[in-house]
Amino acid sequence: MIVGSGLFGSVFAHEAKKLNKTSLIVEKRLHIGGNVYTEAIEGINVHKYGAHIFHTSNKKVWDYLNRFAEFNRYTNSPIANYKGEIYNLPFNMNTFNRMWGVVTPEEAKLKIEEERLKYKTENPENLERQAISLVGFDIYEKLIKGYTEKQWGRPCKDLPAFIINRLPVRFSYDNNYFNSLYQGIPLGGYTALVENLLEGIEIRLGTDYLENKKELDSLAEKVIYTGPIDAYFYYSLGALEYRSVRFETEIIDKENFQGNAVVNFTDAETPYTRIIEHKHFEFGAQPKTVISREYSAEWKKGDEPYYPVNDKKNNELYLRYKDLADRERRVVFGGRLGEYRYYDMDKVVEKALEVAEREL
Ligand code: FAD
Ligand code: UDP
């Protein structure tokens, strides 16, 4: 029994089938793919649950997925819009030049070092201090603080430093958002990739495992559960915190709305965090365009959980749930929600392959 048809569940199911094991996937949504699901609108593959750019340095994972889809050469280079001023991301010489007029890496490093001393950011233990230590106060103020506080709904001082460490800081004029060796978007969208993974596997859509647990458990020897770990235990130790996102999608009768796939609005006042213009992921030339504005919100029961809030309090609660999970002999917990970890897609595939090898 595989609960959830996201990347974790789908990779596991594929591996099980290869070994002639029979599995059944139950998925509470009305479609497969979990958060990587894409849907064609006006001939454009729309990332329904937010922009998904595949990137990895793990050759095994890259080669594995390339068996199920061909990837294009898309390189993510988001733009930050701060009250009409445009900056390149991730933080690199283009950003530093626009912010301070510095031209050489040496000048940029000197400028950041000055700020580091001014704001005494040794041993940066929270996101604010870590950000100032990495890129200085001006960039923190204009490109990080507003965006991060909208995204996470908490002051930067109360957020863990690791969140900002996801972004590269580069002293070169390179706008590639990722340092990974391989990057791209599957041609034809992620849904087609997942369909290929799931070929020949039985799936029940619109079925909530937890609401039909008794009946479904009686069908299987083993359960792979990729839903939220706290939901599995009916929140008996209290709810873990998540951030949810509301996507407002609009078809626009224009060929090109913003000139880039991802534009982040980094001021505190704009109510959304970013606008995605989906056609740019596949260099589309369709006559119309589709955009999605992303509004971040605190998760409450009934919403879709997207981002685990991996601060100290939640990580401790997670460990207590993990203790319970370890005692469920027939059940393996996996994926972003099952492990309550801010995993990217490549990590999820890597973990699913590992678990498949161990369990099968
Ligand atoms: P999910 O995709 O969440 O799948 C879990 C599935 O389980 C869902 O379909 C859900 O409906 C189902 N389910 C849950 N509970 C039940 C139940 N009780 N019964 C039946 N079914 C159930 N990663 C990148 O590498 N690059 C990116 O650019 C990127 N961008 C992202 C942007 C956003 C907005 C978000 C939220 C994530 C992003 N990610 C990105 C991360 C990526 O989405 C995840 O790593 C990956 O999709 C997780 O796969 P999963 O199978 O663990 O979980
Ligand atoms: N971030 C920011 N400004 C930006 C983009 C990102 O401050 O313009 C911070 C923010 O805290 C975010 C984190 O960097 O949560 C990681 O960004 P990433 O793009 O990896 O987030 P995701 O794609 O997972 O939403």
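Start at 1 with the first residue, then count along the sequence. Note that ligands are numbered from 1 as they come in the structure, with each ligand's atoms numbered from 1 the same way.
- Of the candidates I144, L143, L127, L143 brings a heavy atom nearest to atom 3 (N) of ligand 2.
- With salt bridges taken as basic N to acidic carboxylate O contacts below 4.0 Å, one links K322 and D326.
- Contacts of F71 classified as ring-ring contact (aromatic ring centres under 6.0 Å, His included), with partners at least two apart in sequence or in another chain: F54, W62.
- Less than 4.0 angstrom separates atom 3 (O) of ligand 1 from at least one non-hydrogen atom of the protein.
- Checked by atom type, the side-chain pair Q183/N176 shows a donor-acceptor distance below 3.5 Å.
- Ligand 1 has no atom lying under 4.0 Å from any heavy atom of V245.
- Between the side chains of Y87 and E85, at least one donor N or O sits under 3.5 Å from an acceptor N or O.
- The closest side-chain donor-acceptor pair between Y209 and D217 falls under 3.5 angstrom.
- Taking each of I163, V262, T148, D344 in turn, the one with a heavy atom nearest to atom 13 (C) of ligand 2 proves to be I163.
- Here atom 23 (N) of ligand 1 lies nearest to M345 when heavy atoms of M345, K347, R29 are compared.
- A cation-pi arrangement, defined by a distance under 6.0 Å to the six-membered ring centre and an angle within 45 degrees of its axis, is absent between R320 and F233.
- One option in I53, I164, N76 has a heavy atom closer to atom 9 (C) of ligand 2 than any other, and that option is I164.
- Ligand 2 has no N or O atom lying under 3.5 Å from any N or O atom of L167, backbone or side chain.
- Within the 4.0 Å heavy-atom cutoff, K145 does not count among the residues contacting ligand 2.
- Considering backbone and side-chain N/O of Y147, none are found under 3.5 Å from N/O of ligand 2.
- Residue Y49 has no N or O atom closer than 3.5 Å to an N or O atom of ligand 1.
- With a heavy-atom cut-off of 4.0 Å, A51 touches ligand 1 through its backbone alone.
- Q130 and N165 are linked by a side-chain donor-acceptor pair at a separation below 3.5 angstrom, with hydrogens and angles left out of the test.
- Proximity of T207 to ligand 1 is established by a heavy-atom distance of less than 4.0 Å.
- By the criterion of a heavy-atom distance under 4.0 Å, the side chain of R274, and not its backbone, is placed next to ligand 2.
- There is a side-chain donor-acceptor pair under 3.5 Å between H280 and N256.
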